[in-house]
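The model shown is predicted, which means the values in this text are computed figures rather than measured ones.
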Amino acid sequence: IFSGVNAANVSCLFIDLKMRYVAAYLLAVLGGKEAPTAKDVKKILDSVGVEADDANLKIVLDNLKGKDLEELIAEGMTKLATMPSGGGGGAAPAAGTAVAHTSAADSA
């Protein structure tokens with residue numbers, strides 16, 4: 001079904017993620033719908049060849065019902081800001097130590 005895709009390297013290949021419903025909902029809001037319906041979200045998903053699962057769509061719509069999207073996004077951004085973002089690069093040279101740079105012209 002997914003020719004050329006190594007399923008061991010794709011963590012979400014067989015998991016039905018709800019983000020597609022959230023993304024379609026946000027697109028509907030950007031398109032002028034104040035409170036998108038299941039029909040609105042399905043229309044967007046259908047336009048890109050994604051079949052909507054009614055149960056997952058209902059969960060998303062129920063969780064977003066009556067909520068201010070800007071507040072939800074701002075709340076999510078503050079939560080993301082508190083999460084560790086992974087390892088850093090190599091350590092910087094200690095203060096006062098010089099890094100020698102040589103070129104072919106210096107050695108001639």
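Ion pairing between a basic and an acidic side chain is recognised when a charged N comes within 4.0 Å of a carboxylate O; Lys79 and Glu75 show such pairing. Ion pair Asp46/Lys42 not flagged as a salt bridge, since none of the NZ, NE, NH1 or NH2 atoms sits closer than 4.0 Å to an Asp/Glu carboxylate oxygen.
Taking OG1 of Thr37 as the reference point, atom OH of Tyr25 lies at 9.5 Å (rounded to 0.5 Å). In this structure, CG in Asp62 is found 9.0 Å from CG in Leu57, a value given to the nearest 0.5 Å.
When hydrophobic clusters are built by joining Ile, Leu, Val, Met, Phe, Trp and Tyr residues whose side-chain heavy atoms come closer than 4.5 Å, directly or via intermediates, Val48 is grouped together with Leu26.
What you find for Leu45 and Arg20 is that their closest heavy atoms are CD2-O, 3.7 Å. Closest of all the heavy-atom pairs between Pro36 and Leu61 is O-CD2, 3.9 Å. In this structure, Ala24 and Ile44 approach most closely via the heavy-atom pair O-CD1, 3.3 Å.
Tyr21 pairs in a side-chain contact (heavy atoms from CB on, under 4.5 Å) with only one of the listed residues (Asp53, Asn63, Leu64), which is Asp53.
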As a quick check of understanding, evaluate side-chain contact (heavy atoms from CB on, under 4.5 Å) for Leu69 and Leu72, giving each step before the final call. CA-CA 5 Å; Leu69 289 180; Leu72 289 175; 4.1 Å; yes
